[in-house]
Amino acid sequence: MASKAESSSTSSSSQRRDMIHVFWHEGMLAHNTGTGVFDSGIDPGFLDVLDKHPENADRVRNLVSILRKGPISPFISWHSGRSATLSELQLFHTAEYIEELEKANEAGGKELCAGTFLNPGSWDAALIAAGTTISAIKQILDGHAKLAYALVRPPGHHAQPSQADGYCFLNNAGVAIQVARNSGCQKVAVIDIDVHYGNGTAQGFYSCSEVLTISVHMNHGSWGKSHPQSGTVDELGEGDGFGYNLNVPLPNGTGDEGYAYAMDQLVVPALHKFNPSLIVLVLGQDSSAFDPNGRQCLTMEGYRSIGRNIRRLANKFADGKVLIVQEGGYHVTYSAYCLHATLEGVLDLEDALLDDPVAYYPEDSAYSMKVVDAIQRYWKDNVPFMKES
């Protein structure tokens with residue numbers, strides 16, 4: 001039997017341990033995206049085996065299970081999510097767009113744009129994803145946590161105020177940010193490391209100087225009517241928001257060293273200038289070395305490094321407060337490993353808890369670093385709050 005002193009020491013140590021408050025609800029698994037050739041939903045008739053749509057429930061099942069059963073589990077506190085109300089959705093989305101989604105659901109489903117299928121069960125799952133993200137931010141706003149993670153699907157960062165896009169119906173992070181702003185949080189920094197440009201979040205705050213959106217993504221350009229934004233460095237915002245939308249389009253295959261360089265040379269200085277009171281990490285594991293939707297080469301160590309950087313920035317500027325919102329990540333196994341590594345970094349653990357099953361992926365960071373240097377010069381010349389004083 002432990003002594004009173006030992007019990008007291010154990011209790012004190014437990015209280016000091018950082019915890020990540022994870023918000024999750026199984027109702028999000030009801031979103032069935034179907035099968036076909038990649039994300040098209042098309043059966044050409046000459047293949048015996050069709051792919052599941054990349055944004056399928058299995059990927060999220062593994063994200064949940066690695067946090068429940070993996071070595072990081074002692075650092076996780078679980079909370080149930082809930083559905084968002086229509087009035088909450090209208091903090092970010094137009095009433096007309098929400099009505100369009102409701103009608104599509106009542107009609108039994110609709111392909112809203114290429115690869116983005118609202119099927120029976122999808123609308124309820126989308127409402128839960130948005131509401132679960134709101135629950136996560138409220139955990140922070142109410143002072144019950146500093147680190148909260150909304151483990152949600154369908155993803156959201158491509159959903160614009162009046163437009164679905166890129167597997168996304170509702171902008172989970174965008175709605176939560178508006179909740180934070182309405183609660184008195186005046187300056188929010190959004191750091192989006194999904195492999196694709198977080199165009200929906202950017203569009204929602206494009207004229208706002210109180211929300212700094214930084215998207216670090218693969219240089220992919222526009223992909224059609226649903227995604228007119230290109231994600232290039234010259235998309236800086238407009239009106240009062242000019243200079244508060246910062247894009248970091250990285251060359252394909254950038255890798256761990258290139259991402260670390262971009263964080264150190266671009267993201268960290270921007271947050272030093274902006275001085276946020278809350279940081280939102282928009283997290284996609286589709287920047288990994290083996291993701292079917294990405295062409296970047298991040299490994300677990302790259303994600304771990306990003307997580308550490310986010311934690312240090314939060315400690316310096318935001319009293320340690322970080323909301324993490326799940327986005328892409330489509331390799332059913334490796335995405336879960338990369339999530340684990342990211343959260344290890346956010347916890348700022350001294351040693352890695354989980355080994356990388358890949359361990360090493362070759363990269364040539366020289367070109368990526370030149371691109372980062374060029375973006376840095378562009379920001380100093382064109383972004384008012386980033387210009388040298």
Side-chain angles (χ1 to χ4, degrees), residues 22-45 47-68 80-84 86 89 93 97-133 150-159 163-173 175 194 196 200 223 226-227 283-286 291-294 325-336 339:
V22 177
F23 287 77
W24 159 250
H25 192 292
E26 288 191 354
M28 291 180 282
L29 298 176
H31 175 42
N32 184 352
T33 46
T35 60
V37 177
F38 198 58
D39 64 2
S40 67
I42 296 172
D43 180 353
L47 296 176
D48 286 340
V49 180
L50 293 174
D51 289 321
K52 284 186 175 181
H53 189 288
E55 205 296 279
N56 61 70
D58 288 347
R59 58 179 280 268
V60 175
R61 286 190 176 96
N62 269 354
L63 300 182
V64 172
S65 64
I66 202 167
L67 299 188
R68 288 198 187 279
S80 180
R82 50 90 169 177
S83 297
L86 297 184
L89 300 183
H93 294 286
Y97 173 58
I98 295 169
E99 184 179 1
E100 176 189 344
L101 294 176
E102 289 183 305
K103 287 182 177 178
N105 178 56
E106 291 168 2
K110 180 180 180 181
E111 183 177 6
L112 296 168
C113 56
T116 305
F117 300 93
L118 193 148
N119 291 324
S122 300
W123 179 233
D124 287 342
L127 289 172
I128 294 171
T132 297
T133 309
L151 205 177
V152 294
R153 75 178 286 261
H157 74 146
H158 296 310
Q163 170 74 56
D165 179 40
Y167 315 161
C168 303
F169 309 113
L170 299 172
N171 196 304
N172 306 313
V175 172
D194 186 280
H196 303 112
W223 57 54
S226 67
H227 190 106
L283 175 61
Q285 294 86 21
D286 45 3
D291 198 274
N293 274 40
V325 183
Q326 181 61 43
E327 296 292 347
Y330 306 105
H331 191 290
V332 172
T333 303
Y334 200 54
S335 291
L339 168 64

Rounded to the nearest 0.5 Å, how far does [atom2] of [Y] lie from [atom1] of [X]?
X      : Y      : atom1 : atom2 : value
Ile128 : Glu26  : CD1   : CD    : 10.5 Å
Leu151 : Met28  : CG    : CE    : 7.0 Å
Leu127 : His25  : CG    : NE2   : 11.5 Å
Ile42  : Thr35  : CD1   : OG1   : 11.5 Å
Tyr334 : Asp291 : OH    : CG    : 11.0 Å
Phe169 : Cys113 : CZ    : SG    : 8.5 Å

Is the backbone N or O of [Y] less than 3.5 Å from a side-chain atom of [X], with the two atoms forming a donor-acceptor pair by type?
X      : Y      : answer
Thr133 : Ala150 : no
Tyr97  : Ala164 : yes
Asn171 : Gly156 : yes
Asn172 : Ala130 : yes
His31  : Ala126 : no
Asp43  : Gly45  : yes

Do the side chains of [Y] and [X] get nearer than 4.5 Å, heavy atoms only?
X      : Y      : value
Lys110 : Glu100 : yes
Leu283 : Leu339 : yes
Trp24  : Leu63  : no
Val37  : Leu47  : yes

Closest heavy-atom pair and its distance - [X], [Y]:
X      : Y      : value
Gly27  : Ala125 : O-CB, 3.9 Å
Phe117 : Ser40  : CZ-O, 3.4 Å
Gly166 : Thr116 : N-OG1, 3.4 Å
Gly108 : Pro120 : O-CD, 3.3 Å
Asp194 : Gly284 : OD2-CA, 3.7 Å
Pro154 : Ala129 : O-CB, 3.9 Å

Evaluate side-chain contact (heavy atoms from CB on, under 4.5 Å) for Val325 paired with Phe23, printing each intermediate quantity in order.
-> CA-CA 10 Å; Val325 183; Phe23 287 77; over 6 Å; no

Just wondering, are more than 12 heavy atoms of other shown residues or ligands nearer than 6.0 Å to CD in Glu111?
-> yes

Derivation and outcome, side-chain contact (heavy atoms from CB on, under 4.5 Å), residues Trp223 and His158 | CA-CA 12 Å; Trp223 57 54; His158 296 310; 3.7 Å; yes

Can you spot which of Arg59, His331, Gln326, Glu327 makes a side-chain hydrogen bond (donor to acceptor under 3.5 Å, both in side chains) with Gln285?
-> Gln326

Report yes or no: do Tyr330 and Asp39 form a side-chain donor-acceptor pair below 3.5 Å?
-> no

Could you give me the CA-CA distance, side-chain angles and deciding distance for Thr33 and Arg153, then say whether side-chain contact (heavy atoms from CB on, under 4.5 Å) is met?
-> CA-CA 11 Å; Thr33 46; Arg153 75 178 286 261; 4.3 Å; yes

side-chain contact (heavy atoms from CB on, under 4.5 Å) assessment of Val175 paired with Leu170 | CA-CA 8 Å; Val175 172; Leu170 299 172; 5.8 Å; no

